[in-house]
Asker: 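This structure is in structure tokens; I'll ask about it shortly.
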Amino acid sequence: MPVQESGVILVLQTTPPPVVPLRRQRDYRLLLSARAASETGTEVSRLAVPLTAAVLLGASPTQMGVLTAVSSLPFLLFGLQAGAIADRLRRHRPVMVACEAASALAMATVPLAWAAGLLTVPWLVAVAFVVGVGTAVFRAASFPHLAVVVREEQRTEALAGMHSVFSIASVCGPGLAGLLVQLVTAPFAILVDAVSFLLSAFLIRSIKAEENHVPAPSRGMWTEIREGLRAVTGHPVLRVLCGCGIVINFFGAAYGAVFVLYAITELHLPAGLIGALTAFFGVGGLIGAAVTPRAARRFGESRVLACAVLFFPLNYVTAALASGPLWAKSLLMAASGLVSGTAVLAFAVCFSAVILRETPVELRGRVNATNTFTVQGVLSVGGLVGGLLGDLLGLRPVLWLGALGVALTIPWIWLSFLGRPSAPRER
């Protein structure tokens, strides 16, 4: 800034504070550790809950579809409202802590109900719904909270780190779940998820970064929700990302609703091996977390995202084609999981980075909630449809339909602004 002294104008250069590596930032480490704990527990439940329903409670494909669907239903019911509320908040951490604590209590009821002889499929559905509500509200608050903890120039790297913990959990969680299911049965394995939610709440509560979020003025819930919807539908990049996310998650949920049954009844895979194969997807995610920030800096997030989507049908096709001896099926699905995990992680990181970059600060909560409402909410519809189609058509046809569905996003992204050779390199 210019300063006049004795008739001479001096120019004082203000240098920005040095950028501290993320690994040395205490608050980011706490946030990352909280996600790692919670995601590891979630991965245990991702295997233990359907195994409890399918093996111990004799759930039908339709019931499995309902169980998959109801965990995402809160995104449809409350997702938009949660985003509007998040933009009104001055502090997001207390809400995040409360959501994790409530989810812990809900998951803890499963082993207690099983021990008392009260556990049923409707009980699991109710627990999944409560945890889904907590997740919907947590995500609405956590998206703008990340911008408080991490500087703008480090957000792509931070997002890669946050997504990498999902990959680590995908590696550790299924193996841990398989071991726990064998040792203590599936309902008691779910207790690990309850503990992980509590640990996450404690770590988030320990973050010290000052929350200086300026609350958006309250103009009425539905007025604010409409602003978030218009921000997404009226923006060419955000509109394409949201639409492709809907398609990907719809068919992904249909696949997820039948996969455990398919692996057990048609591929004849033991529960422990299902968990081990899922871990390869997590290893691929770790590879994606390592390479995505560098690739994004060199080519831009948009181009990395467009290349990643090319590999999305792979897991569906390999699962549908898997046959022969156990070792052959396992090798094929392990390789597929490795490649798919890398692609999905790269897509997810760039998806979030582009949304953060393109969204005005005062709309981040609502734009994120609009994407959550649609992209996550459609999981409930996809899971229900997958279960119903599994009953009507059989399990393998659902996998082929899923492969065809996610393949539709390839031309959609490549023919949009995101896939054009002229798309700017953001970094």
Side-chain angles (χ1 to χ4, degrees), residues 69-90 92 95-96 99 129 132-147 155 159 213-253 301-302 305 309 347-385 405-406 408-409 412-413 415-419:
V70 77
S71 62
S72 302
L73 184 61
F75 291 105
L76 290 175
L77 297 178
F78 312 116
L80 294 176
Q81 297 93 320
I85 292 171
D87 279 338
R88 294 180 185 178
L89 295 174
R90 186 175 299 276
H92 295 102
V95 175
M96 295 163 65
C99 289
F129 181 79
V133 172
T135 303
V137 178
F138 181 93
R139 290 189 181 182
S142 65
F143 192 72
H145 179 259
L146 179 66
R155 286 177 190 162
L159 286 165
H213 179 254
V214 178
S218 176
R219 292 183 300 278
M221 179 67 70
W222 294 108
T223 298
E224 295 169 39
I225 287 174
R226 284 194 297 270
E227 289 177 352
L229 290 169
R230 283 196 298 268
V232 174
T233 58
H235 193 293
V237 173
L238 299 181
R239 184 172 60 243
V240 169
L241 288 178
C242 184
C244 289
I246 290 171
V247 173
I248 290 167
N249 275 10
F250 175 84
F251 289 102
E301 287 97 346
S302 300
L305 185 148
V309 77
F347 182 91
V349 168
C350 294
F351 185 98
S352 299
V354 171
I355 290 175
L356 260 178
R357 186 189 72 228
E358 299 290 336
T359 304
V361 174
E362 67 275 10
L363 287 170
R364 280 175 179 160
R366 280 167 284 174
V367 167
N368 179 61
T370 298
N371 279 290
T372 301
F373 169 76
T374 53
V375 175
Q376 297 296 322
V378 77
L379 290 171
S380 61
V381 181
L384 185 59
V385 170
V406 295
L408 296 175
T409 61
W412 192 355
I413 284 185
L415 294 175
S416 74
F417 173 81
L418 291 164

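Atom set for the values below is all heavy atoms of this structure, side chains included, hydrogens, waters and symmetry mates excluded. This one's a predicted model, so the numbers in the text were calculated from it and none came from an experiment.
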Asker: Looking at CG of Leu241 and OG of Ser352, how far apart are the two atoms once the value is rounded to the nearest 0.5 Å?
Answerer: 9.5 Å

Asker: Can you find a heavy atom in the side chain of Thr374 that is under 4.5 Å from one in the side chain of Val232?
Answerer: no

Asker: Check whether any side-chain heavy atom of Leu73 lies under 4.5 Å from a side-chain heavy atom of Phe129, and answer yes or no.
Answerer: yes

Asker: So which atom in Phe78 and which in Val133 form the shortest heavy-atom distance, rounded to 0.1 Å?
Answerer: CE1-CG2, 3.8 Å

Asker: Hey, could you give me the CD1/CG distance between Ile246 and Asn371, rounded to the nearest 0.5 Å?
Answerer: 8.5 Å

Asker: Quick check: do His235 and Cys242 have side-chain heavy atoms less than 4.5 Å from each other?
Answerer: no

Asker: Between Ile355 and Leu238, is there a side-chain heavy-atom distance shorter than 4.5 Å?
Answerer: yes

Asker: Answer whether the closest heavy-atom distance between the side chains of Thr409 and Phe347 falls below 4.5 Å.
Answerer: no

Asker: Could you report the tightest heavy-atom contact between Arg357 and Ser302, atom names first, then the distance?
Answerer: NH2-OG, 4.2 Å

Asker: Which heavy-atom pair separates Ala141 from Met96 by the least distance, and what is that distance?
Answerer: CB-CG, 3.8 Å

Asker: What I'd like to find out is whether the side chain of Val309 reaches to under 4.5 Å of the side chain of Trp412, using heavy atoms alone.
Answerer: no

Asker: Closest heavy-atom contact between Gly405 and Val247?
Answerer: O-CG1, 3.4 Å

Asker: Give me the atom names and distance for the closest heavy-atom approach of Gly382 to Ala253.
Answerer: C-CB, 3.8 Å

